[in-house]
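Order of the sequence lines fixes the chain letters, A, B, ..., with proteins taken first and strands second; residue numbering starts at 1 for each chain. From a predicted model like this one, the values you see are computed outputs, not experimental measurements. Values below: all heavy atoms of this structure, side chains included; hydrogens, waters and symmetry mates excluded.
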2 protein chains.
Amino acid sequence: MVRKPTSKETARKPNMREAILAAAEELFAINGFNAVSVRDIAQAAGANPGSVTYHFKTKDGLLLEIYQRHCGPMNLRRSELLAAAKRVRDLQDRLEAVVRAYVVPAFTSGSDLAGGGARFTRLRAVMSAEGNEVARKIIAQTFDDTSHAFIDAIHDSLPHIPRTDIVWRSHFLLGALYYSLVTPDRVSRLSRGEADGNDAASAIEQLVQATVAAFQAPALDQAAPVKRRPVVSSKT
Amino acid sequence: MVRKPTSKETARKPNMREAILAAAEELFAINGFNAVSVRDIAQAAGANPGSVTYHFKTKDGLLLEIYQRHCGPMNLRRSELLAAAKRVRDLQDRLEAVVRAYVVPAFTSGSDLAGGGARFTRLRAVMSAEGNEVARKIIAQTFDDTSHAFIDAIHDSLPHIPRTDIVWRSHFLLGALYYSLVTPDRVSRLSRGEADGNDAASAIEQLVQATVAAFQAPALDQAAPVKRRPVVSSKT
DNA sequence: TGATCTTTTGTACGATAGTACAAATCACAT
DNA sequence: ATGTGATTTGTACTATCGTACAAAAGATCA
């Protein structure tokens, strides 16, 4: 039989599916995966719980779809920005451009998705903290390449810093980035209202400025290799 | 009747209560609050589920007890280290000492609790990401004082940096700290085995070094208030 | 020992979780 | 209009959740 996948195959009425995705993304990003029920999502999307099962089979499948929806555009955007940053001649400026290329897409929209950049990044932060299995797999196989590309680019701008130090510092960058999206109100509170933790532009500039300086810090290397500071091991 | 609170009042057999607390702390720190059931905790502690209810009334009460168990010692330790740090004469050295006074207690044991510092800090990180209500209240009313004290101390070492910037950067510090405890394996992975994300000593040194540099970065202030930096030109 | 208090156990209850599935409904080509 | 396949709805099943509570067990002291 000859199939004619004109409008039938391409999801004739994607409204509800999209609504469920959006509602789930928002609820997961705010409350985490475990605290949100399928019924919560359905209600927020104005749908029936059974409809979620129909479109995404399982709750995990829903999370998976959210990731697959964003990972592509965000990494594409990062690649473009990184490529542009690498063309900056001055080393100091290039470092800042690279950091900016890493930070900006996390705060802003991935592409056509309205303002979803910060929301999805917050989602990733929360899933990371929850140790979500689905997220862990996707992250490792989707973002590690990007992370390596950025680490390499930063290393090119700072040849005298060991790669190990750059890994640590970029790890700190991601942690700071995540935390800024997870608990923005704390910034407002601790600054006694002088700063707005929810202002993405401020967050980006502050983060870029601080991170560039952190990357430029002298290397730790072998000086005082911290043989056995009485620190206590983290795991038994 | 004259009471003789010799051994009865002081918890005659605290073994089980302590075992439940320890098990809960570990499970919460790893899997979050919502993903862990009372039955999980009881089983891990070798106790009966009803015993958890008996000692802590509710699951929230158990979390509350964990916080109250750690907050005192950890903040005390921080205060001591901070006081010592403030006495450092050289401004550069003092800044590093202050940062270290903030970081070290988060990674190491609060006091008598065996290796619980990193575990409890990780717990705080996860609760923060989950938006746990119980944790949020305690954190705000217990740690904000400490945070302000550190921010002030850092500001004293860096008088030319606006307080707002210092708040942002200390926020980044806490985010980096949290993330290092939540996802240490990522460091090992991205460094291709050259760094050990689970090594507390390395984490502390790297974090202190990077953070001191971040604090010392020039102020953002009003220079170029981020109208619309041409972050990128590529659109392809 | 027997009385009394603390702790542990076992069990059960109501609520809610994820998911399955049949019936109802819808959109559209014929 | 009607048949057809894609959705949506309603409902139900099982599992597990937090918690309550009575009974059993253990400990302490007159």
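Whole-Å rounding puts the B:Leu27 CG to D:dC17 P distance at 12 Å. For the pair B:Met16 CE and D:dA25 P, the computed distance is 16 Å after rounding to whole Å. With rounding to whole Å, B:Lys59 atom NZ is found 17 Å from D:dA20 atom C1'. Rounded to whole angstrom, the span from the CG atom of B:Asn15 across to the P atom of C:dT7 amounts to 11 Å. Between the CG atom of A:Asp60 and the P atom of C:dT19 there is a distance of 7 Å, rounded to whole Å. Following rounding to the nearest Å, B:Leu62 (CG) and D:dT19 (P) show an atom-to-atom distance of 10 Å. Between the C1' atom of C:dA24 and the OH atom of A:Tyr54 lies a distance of 14 Å, rounded to the nearest Å. Going from atom NZ of B:Lys57 over to atom P of D:dT19 covers 10 Å, rounded to whole Å.
Partners of B:Phe143 under the ring-ring contact (aromatic ring centres under 6.0 Å, His included) rule, at least two apart in sequence or in another chain, do not exist in this structure. Looking at residues two or more places apart in sequence or on another chain, you find no side chain to side chain donor-acceptor pair (under 3.5 Å) involving A:Thr164.
Applying the salt bridge (charged side-chain N to carboxylate O under 4.0 Å, His left out) test to residues at least two apart or on different chains, the pairs with a partner in residues 50-66 of chain A are A:Arg17-A:Glu65, A:Glu65-A:Arg69. Within the structure, ring pair (Phe, Tyr, Trp, His ring centres under 6.0 Å) pairs that include any residue of residues 175-195 of chain B comprise A:His171-B:Tyr179, A:Tyr178-B:Tyr179, A:Tyr179-B:Tyr178 (at least two apart or interchain). The list of salt bridge (charged side-chain N to carboxylate O under 4.0 Å, His left out) pairs with a residue in residues 176-202 of chain A, not counting sequence neighbours, reads A:Arg189-B:Asp144.
Under the 4.5 Å side-chain criterion, counting only non-hydrogen atoms from C-beta, B:Arg78 is not in contact with B:Leu82.
For B:Asn48, the side-chain atoms get nearest to C:dG10 when compared with the rest of C:dG10, D:dG10, D:dT7.
Of the residues in residues 33-45 of chain B, those with a non-hydrogen atom less than 4.0 angstrom from any atom of DNA chain D are B:Val36, B:Ser37, B:Val38, B:Arg39.
A close approach under 4.0 Å does not occur between any side-chain nitrogen or oxygen of B:His55 and OP1 or OP2 of C:dT6.
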